[in-house]
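I have placed the structure first, in the form of structure tokens, so that the comments after it can refer back to it.
The sequence lines fix the lettering, A, B, ..., with proteins before strands; numbering per chain opens at 1.
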2 protein chains.
Amino acid sequence: MTLRAMTDEAGDIEMILGTRAVVEMLSGKWNVDILYLLATGTRRYSEVLYEVGEISKKTLTQTLRALERDGLVVRREIPGVVARVEYSLTPLGWSITEPLMAMYEWAARHLSAAGRYGERLAA
Amino acid sequence: MTLRAMTDEAGDIEMILGTRAVVEMLSGKWNVDILYLLATGTRRYSEVLYEVGEISKKTLTQTLRALERDGLVVRREIPGVVARVEYSLTPLGWSITEPLMAMYEWAARHLSAAGRYGERLAA
DNA sequence: CGGTATCCAGCCCGATACTG
DNA sequence: CAGTATCGGGCTGGATACCG
């Protein structure tokens, strides 16, 4: 669907609000990383901490809580002697991989050729 | 294309970097608004200032410069007695409306049903 | 193990005032 | 008209230490 066809049937304001909402859900230094990680399977807190890299525990908790509030991630406590928590994508979380793919494909077609996102983030 | 098919042929790191790059280009309070505005046609600085709403001149200039550095927007000075500058989308700027549409469509399908976009969702 | 509590630096963004 | 200069508040994210 094109932008033009879109603007004909949806108010520009709704488009702005909707798009902004998605961008905000994905904004933050680690949101995309965590979403992609959980898309490869459920992880425990400490696994996310280790696999994401240099993220601090505070920031990890903050980010996971935000993703949870947005309905993209579920937090599940596993009963036991020691604390054990698992995080995984919700159906909504899975569905957002579609726009995520659209973004990646766009970047691959328009940015990677120019080597334009190599310096954006050193992970 | 699915996430799974994607991860098979592209490194996870490239996916993260590419997606992050797009999110960063769109992050910021006014980026999406300005992109959608310019998608409806070229505007002068003062027109953008008025049509976007409560944005300050400083922030508008900052945002336009950032979009320009990212190659999404062109700035053109029109010779004349008084200063006059026009902003419009580049081909790259036009092309990014595709992921933008993907985000809006996702929001329309998954978020608008739950009410306002500002609200959080239940899992 | 899976978090909180605290402190703190940096940046994003706005308000206001001034300029070629 | 299209900015820049300056000031400052608020939020984000990291460092470190502590806890059930």
Side-chain angles (χ1 to χ4, degrees), chain A residues 16-17 20-35 37-38 41-70 72-88 119-123, chain B residues 16 20-35 37-38 41-70 72-88 118 120:
Chain A
I16 291 174
L17 290 179
R20 264 208 208 174
V22 179
V23 171
E24 276 162 35
M25 282 183 174
L26 303 175
S27 291
K29 202 165 175 181
W30 308 102
N31 297 41
V32 168
D33 304 55
I34 293 174
L35 253 14
L37 178 63
L38 295 184
T42 296
R43 299 295 149 97
R44 292 172 56 185
Y45 180 84
S46 53
E47 293 175 323
V48 181
L49 188 65
Y50 174 73
E51 295 187 58
V52 165
E54 340 104 66
I55 192 172
S56 70
K57 287 200 286 183
K58 176 194 163 189
T59 302
L60 176 58
T61 301
Q62 268 179 188
T63 306
L64 286 168
R65 294 274 195 270
L67 293 172
E68 203 188 350
R69 277 195 307 279
D70 286 340
L72 302 178
V73 160
V74 245
R75 178 182 184 278
R76 201 165 59 101
E77 290 188 26
I78 281 87
V81 197
V82 289
R84 187 186 162 93
V85 179
E86 282 184 354
Y87 291 92
S88 47
E119 78 262 8
R120 289 192 170 280
L121 270 173
Chain B
I16 291 175
R20 265 206 204 175
V22 179
V23 170
E24 276 164 33
M25 281 183 176
L26 303 174
S27 291
K29 202 165 174 181
W30 307 104
N31 298 40
V32 169
D33 303 57
I34 292 173
L35 253 14
L37 177 62
L38 294 185
T42 296
R43 298 296 148 97
R44 292 173 55 186
Y45 180 85
S46 54
E47 293 175 323
V48 181
L49 189 65
Y50 175 74
E51 294 186 59
V52 165
E54 339 103 66
I55 192 173
S56 70
K57 288 199 285 183
K58 176 193 162 189
T59 302
L60 175 57
T61 301
Q62 267 180 186
T63 306
L64 286 169
R65 294 273 194 272
L67 292 172
E68 203 189 350
R69 275 196 306 280
D70 286 337
L72 302 177
V73 160
V74 243
R75 178 182 184 278
R76 200 165 58 101
E77 289 188 27
I78 281 86
V81 198
V82 289
R84 185 186 164 91
V85 180
E86 282 184 355
Y87 291 92
S88 46
R120 298 298 189 184

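For the pair E86(A) CD and dC1(C) C1', the computed distance is 13 Å after rounding to whole Å. To the nearest angstrom, C1' of dA2(D) lies 10 Å from CZ of R44(B). Taking atom CG of residue L64(A) and atom P of nucleotide dC1(C), one finds them 16 Å apart after rounding to whole Å. Going from atom CD1 of I78(A) over to atom P of dG3(C) covers 11 Å, rounded to whole Å. Distance, L49(B) CG to dG14(C) P: 11 Å, rounded to whole Å.
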#### Entry: side-chain contact (heavy atoms from CB on, under 4.5 Å) between W30(A) and L60(A), worked out
CA-CA 8 Å; W30(A) 308 102; L60(A) 176 58; over 6 Å; no
### Task
Could you go through the side-chain contact (heavy atoms from CB on, under 4.5 Å) check for V22(A) and L26(B) one step at a time?
CA-CA 10 Å; V22(A) 179; L26(B) 303 174; over 6 Å; no
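Counting only distance, with no hydrogens or angles, the side chain of N31(A) and the backbone of M25(A) share a donor-acceptor pair below 3.5 Å.
Pairing each heavy atom of R75(A) with each of E77(A), the nearest pair is NH1-OE2, 2.9 Å. Residue L64(B) comes nearest to Y45(B) through the heavy atom pair CD1-CD1, 4.1 Å, listed as atom of the first residue, atom of the second, then distance.
For the OP1/OP2 pair of dG2(C) and a distance below 4.0 Å, the side-chain nitrogens and oxygens of R84(A) include no atom meeting the criterion. For R75(A), no side-chain nitrogen or oxygen approaches OP1 or OP2 of dG2(C) to under 4.0 Å. Phosphate proximity of dA2(D) to R76(B): absent, as no side-chain N or O sits under 4.0 Å from OP1 or OP2. Checking the phosphate oxygens (OP1, OP2) of dC1(D), no side-chain nitrogen or oxygen of Y50(B) falls inside 4.0 Å.
A distance of 12.0 Å separates CD in E51(B) from CG in D33(B), rounded to the nearest 0.5 Å.
The side-chain hydrogen bond (donor to acceptor under 3.5 Å, both in side chains) test applied to E86(B) returns R76(B), not counting sequence neighbours.
For the pairing with V52(B), the side chain to side chain contact (heavy atoms under 4.5 Å, CB included) check across T59(B), L37(B), T63(B) returns one residue only, L37(B).
Side-chain contact between S88(A) and L38(A) is absent, with no heavy-atom pair separated by less than 4.5 Å.
Which of dT4(C), dG2(C), dA2(D) sits closest to the side chain of Y45(B) comes down to dA2(D).
Two end axes, each from the C1' atoms of five base pairs, can be drawn for the helix from dC1(C)-dG20(D) to dG20(C)-dC1(D); they diverge by 50°, to 10 degrees.
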### Task
Can you check each nucleotide of nucleotides 6-20 of chain D against protein heavy atoms at under 4.0 Å and return B for base, S for sugar-phosphate only, - for none, in 5' to 3' order?
BB-----BBB-----
